[in-house]
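In what follows, a single structure is set out as structure tokens and then discussed.
Order of listing sets the numbers, starting from 1, for every ligand and every atom in it.
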Amino acid sequence: MIDNEKPIGVFDSGIGGVSVLRELHAIAPSENVIYYGDSLNAPYGEKSAEEVRKLTFAAVEKLLGIGAKAIVVACNTATGAAVRLLREAYPSLPIVGIEPAIKPAVLFGESELGKKDGSSRILVMATPVTISQAKFSHLMEEYNGRAEIIPLPCPHLAELIEKGDPDSEEIAEYLKNLLEDYRDVDSVVLGCTHYPFIKKHIEAYLPMAKIFDGGLGTAREAIRRTAAAGLANTQNKISRITFMSSKEGETLELYRKFFEM
Ligand code: DGL
């Protein structure tokens, strides 16, 4: 197989990265993709950063072992814990991570809402590990004074989504309790790739807020970096999307179901 026809490897702790895969496939349908979900070890969001790092390296090595030409770490938690070290370990490999889309939310507050005095309120929903990482603190500092950024750790939410039914009562109840105090925010950043699958429910609780997620930006960056490395697959053929999971059983069916959602 020539290098350009090799797949892009997309990885997440489980099902969440499928939200990024969907964006990637929509903008670059000719790219072959292998999606690897580490559902056996999900959720990552409540493990130690060191554990997340180890699991992320193992997943990336697995994808490289089966011929991935580029890597998308479609997990905010794994990106925060490991992307810098991955780039050091594989300097010539295109590696793209995902981080909470705070920048577009800040710009929205300033330009669309005209709140140029730092008064727009941005709620950032993410896993506890993402929020505790230095990478996240730096991101917040970058926009210091330009908006009120409210980090909201959402323990176990990815785990509930991982069960496979985004419309479950359990999730509705969780969101009701979680979002009660944030009715007046201007925007919500979905800082975990599992959350786009419950976007409509978040919108229902916070109808006045605009919702941002980093999936499309990450997909665009992955395609840009792959092309810059001379590895784009521009052949006009139907691409192959292969799903892999570290967990046996029905997980692959679930990945496909979420891909089609
Ligand atoms: N989907 C992942 C993220 O973007 C993490 C979910 C988890 O495993 O806790 O952060």
Please list, by chain and number, the protein residues whose heavy atoms come under 4.0 Å of ligand 1. D12, S13, P43, Y44, G45, C75, N76, T77, T127, A158, C192, T193, H194

Among all residues two or more places apart in sequence or in another chain, which pass the side-chain contact (heavy atoms from CB on, under 4.5 Å) test with D167? D165, K200, H201

Can you check salt bridge (charged side-chain N to carboxylate O under 4.0 Å, His left out) on K116 and E110, steps first, answer last? CA-CA 5 Å; K116 298 194 196 301; E110 289 176 342; over 6 Å; no

Does CD belonging to E260 count more than 12 external heavy atoms closer than 6.0 Å? yes

Using only atom types and a distance under 3.5 Å, with no angle test, would you say the side chain of K69 pairs donor to acceptor with the backbone of E5? no

Within this structure, what is the CG-CD distance for the pair N4 and E31, rounded to the nearest 0.5 Å? 8.0 Å

Is the cationic atom of K210 (NZ for Lys, CZ for Arg) positioned less than 6.0 Å from the six-membered ring centroid of F212 and within 45 degrees of its normal? yes

